[in-house]
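As structure tokens, the structure follows; a few thoughts come after it.
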Protein chains: 2
Amino acid sequence: MTPTPTPAAASAEWLRLDNQICFSLHAASRAFNSVYRVTLKELGLTYPQYLVMLVLWEEDELPVKKLGEHLRLDSGTLSPLLKRLEAAGLVRRERSARDERSVEVRLTEEGAALRERALQVPRRIAEATGLDPREINDLRERLDRLTETLDSAGLDPAALEETPGCR
Amino acid sequence: MTPTPTPAAASAEWLRLDNQICFSLHAASRAFNSVYRVTLKELGLTYPQYLVMLVLWEEDELPVKKLGEHLRLDSGTLSPLLKRLEAAGLVRRERSARDERSVEVRLTEEGAALRERALQVPRRIAEATGLDPREINDLRERLDRLTETLDSAGLDPAALEETPGCR
DNA sequence: CACAATTCAATTGCACACAACTAAATGGCC
DNA sequence: GGCCATTTAGTTGTGTGCAATTGAATTGTG
């Protein structure tokens with residue numbers, strides 16, 4: 001099938017393979033998102049909002065900055081998202097007294113209470129994946145390692161230089 | 001650590017596990033997206049636009065509908081995206097003569113020529129993942145199976161009913 | 001032929017995601 | 001104390017992603 005063809009043909013082959021892998025990741029990500037959307041609809045949360053609530057259910061109160069580090073999201077994404085959560089009555093935002101640059105995000109009673117209804121979400125998602133906990137855990141570890149590798153590769157500008165064939 | 005605790009505690013544990021898995025997927029997806037963004041910048045393409053171009057480099061011409069089936073995207077996403085590609089001079093859109101509901105998308109010469117410069121993209125991405133082709137293929141297959149399972153689970157409204165504990 | 005159901009692309013509205021920028025507050029240094 | 005670099009949220013602009021709707025074209029049925 002691929003008997004070490006010419007370099008150009010090999011690149012073309014890679015372009016097809018790449019086609020497959022980026023399709024796969026893109027599709028899986030959106031399929032997951034879709035399942036979460038359906039499941040979270042009755043809680044009135046979007047998927048990213050659910051992620052924020054997950055952190056808050058563990059931490060109870062923390063500045064936007066810390067939230068962003070947990071979720072790898074910047075203020076451009078979090079500011080409007082948190083405003084919507086505040087408008088929904090699930091969180092409060094208030095300037096820190098100690099450091100007025102910082103905004104502390106904390107759960108309202110309503111927000112804390114929502115956790116009870118959210119307890120059923122993970123099981124539903126796990127069922128939808130059709131995987132057992134061991135497989136889920138394995139996939140999670142792979143994805144974490146992949147993310148770490150991608151981050152370190154992506155943030156390094158030198159990586160672009162040391163790649164021959166750019167010109 | 002988890003010696004078959006009370007049901008409520010078990011759900012709480014799942015909520016933490018779920019925390020991990022959805023973080024992982026979310027982060028991996030965006031990390032990938034980020035690497036593609038950097039790599040595609042010099043081609044003047046976004047990641048979804050690159051996906052569209054990949055299809056067109058294989059198919060050369062096809063209606064928006066088919067494109068959407070390949071990519072699992074609807075016209076709400078594709079219409080503005082294709083307009084941008086057209087504005088960039090990479091594709092042409094024209095009403096089909098046979099069926100005037102349909103819009104045929106085809107590459108311009110410039111769009112076809114861009115393929116040459118895109119040939120180096122897959123290798124860069126593969127390098128950034130730090131995985132060998134076998135591992136990439138394995139991951140791809142897992143993701144494809146997962147997507148298939150998620151889609152069939154998500155589109156079935158009965159799945160919500162047969163889940164006890166919703167009330 | 002007429003009419004209803006279907007198909008297809010486009011549009012609208014909402015919610016991320018992220019780059020780039022702004023503005024306020026803080027901390028370090030002289 | 002005064003000044004400057006840094007930190008922190010927020011804002012703006014662009015580009016998806018998707019649900020819901022619109023409108024034109026086509027197909028099926030009587």
Side-chain angles (χ1 to χ4, degrees), chain A residues 22 25-38 40-41 44-53 62-69 71-88 91 93-105 151 154-155, chain B residues 22 25-38 40-41 44-53 62-69 71-88 91 93-105 151 154-155:
Chain A
C22 63
L25 187 83
H26 204 60
S29 172
R30 287 184 296 118
F32 238 117
N33 215 307
S34 173
V35 171
Y36 270 107
R37 184 178 7 258
V38 172
L40 293 173
K41 191 171 185 178
L45 293 175
T46 66
Y47 181 43
Q49 288 168 7
Y50 171 68
L51 296 181
V52 168
M53 295 301 287
L62 77 175
V64 173
K65 171 74 183 210
K66 291 282 184 191
L67 198 51
E69 286 172 2
L71 297 169
R72 299 159 156 278
L73 292 172
D74 67 6
S75 63
T77 299
L78 286 176
S79 288
L81 190 157
L82 290 170
K83 275 190 187 174
R84 282 185 282 270
L85 285 181
E86 187 172 43
V91 307
R93 296 179 306 145
E94 40 197 39
R95 289 279 163 188
S96 165
R98 288 178 297 90
D99 184 344
E100 297 227 348
R101 294 170 303 182
S102 180
V103 168
E104 299 285 333
V105 182
D151 276 353
L155 294 179
Chain B
C22 64
L25 187 84
H26 204 62
S29 172
R30 287 183 298 119
F32 238 118
N33 214 308
S34 173
V35 170
Y36 270 107
R37 181 175 13 253
V38 172
L40 294 173
K41 193 170 184 177
L45 294 175
T46 66
Y47 181 43
Q49 288 167 5
Y50 171 68
L51 296 181
V52 168
M53 294 301 287
L62 77 176
V64 173
K65 172 75 183 211
K66 292 281 184 190
L67 198 51
E69 287 170 2
L71 297 169
R72 300 161 155 276
L73 293 172
D74 67 6
S75 63
T77 299
L78 286 176
S79 289
L81 190 158
L82 290 171
K83 275 189 187 175
R84 282 185 282 271
L85 285 181
E86 187 171 44
V91 307
R93 297 179 306 144
E94 39 198 40
R95 289 276 163 190
S96 166
R98 287 179 296 92
D99 184 345
E100 298 229 346
R101 293 170 302 180
S102 180
V103 168
E104 299 284 333
V105 182
D151 276 352
L155 293 179

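Computed from heavy atoms alone, side chains included, the values below leave out hydrogens, waters and symmetry copies.
Close to D:dG10, at under 4.0 Å from its OP1 or OP2, lies a side-chain N or O of A:Arg93.
Protein chain A contacts DNA chain C from C:dA15 to C:dT26, reading 5' to 3' and using non-hydrogen atoms of the protein with a distance under 4.0 Å.
Across all strands, B:Leu78 comes closer than 4.0 Å to no nucleic acid atom at all (heavy-atom distances). Within 4.0 Å (heavy atoms only), A:Thr46 reaches sugar-phosphate atoms of the nucleic acid but no base atom. The residue A:Pro63 sits close only to the backbone: its heavy atoms come under 4.0 Å of sugar-phosphate atoms, none of a base. Backbone-only contact: B:Lys83 has heavy atoms under 4.0 Å from sugar-phosphate atoms and none from a base.
Here A:Arg84 pairs with nothing under the side-chain hydrogen bond (donor to acceptor under 3.5 Å, both in side chains) rule; sequence neighbours left out. By the side-chain hydrogen bond (donor to acceptor under 3.5 Å, both in side chains) test, B:Glu86 is found to be paired with B:Arg93, residues two or more places apart in sequence or in another chain being considered. Partners of A:Tyr50 according to the ring-ring contact (aromatic ring centres under 6.0 Å, His included) rule, which considers only residues two or more places apart in sequence or in another chain, are A:Tyr36.
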Taking only nitrogen or oxygen atoms into account, show me every contact under 3.5 Å that the protein makes with nucleotides 20-23 of chain D, one pair per line with its distance.
none

Worked check of side chain to side chain contact (heavy atoms under 4.5 Å, CB included) between A:Glu104 and A:Arg98 | CA-CA 11 Å; A:Glu104 299 285 333; A:Arg98 288 178 297 90; 4.2 Å; yes
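Side-chain contact between A:Gln49 and A:Leu40 is absent, with no heavy-atom pair separated by less than 4.5 Å. You'll find the side chain of A:Leu85 reaches within 4.5 Å of the side chain of A:Leu45, heavy atoms only.
Both B:Ser79 and A:Pro80 lie near DNA chain C, and the one whose nearest nucleotide falls closer to the 5' end is B:Ser79. DNA chain D is contacted by both B:Arg84 and A:Val64; A:Val64 maps to the nucleotide lying nearer its 5′ end (nearest heavy atom per residue). Both A:Asp99 and B:Thr77 sit near DNA chain D, but only A:Asp99 has its closest nucleotide nearer the 5' end.
Side-chain atoms of A:Ser96 and A:Ser102 include no donor-acceptor pair closer than 3.5 Å.
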Pairing string, 5' to 3', for DNA chain C - Watson-Crick or wobble contacts under 3.5 Å, brackets [ ] where pairs cross, | to another strand | ||||||||||||||||||||||||||||||
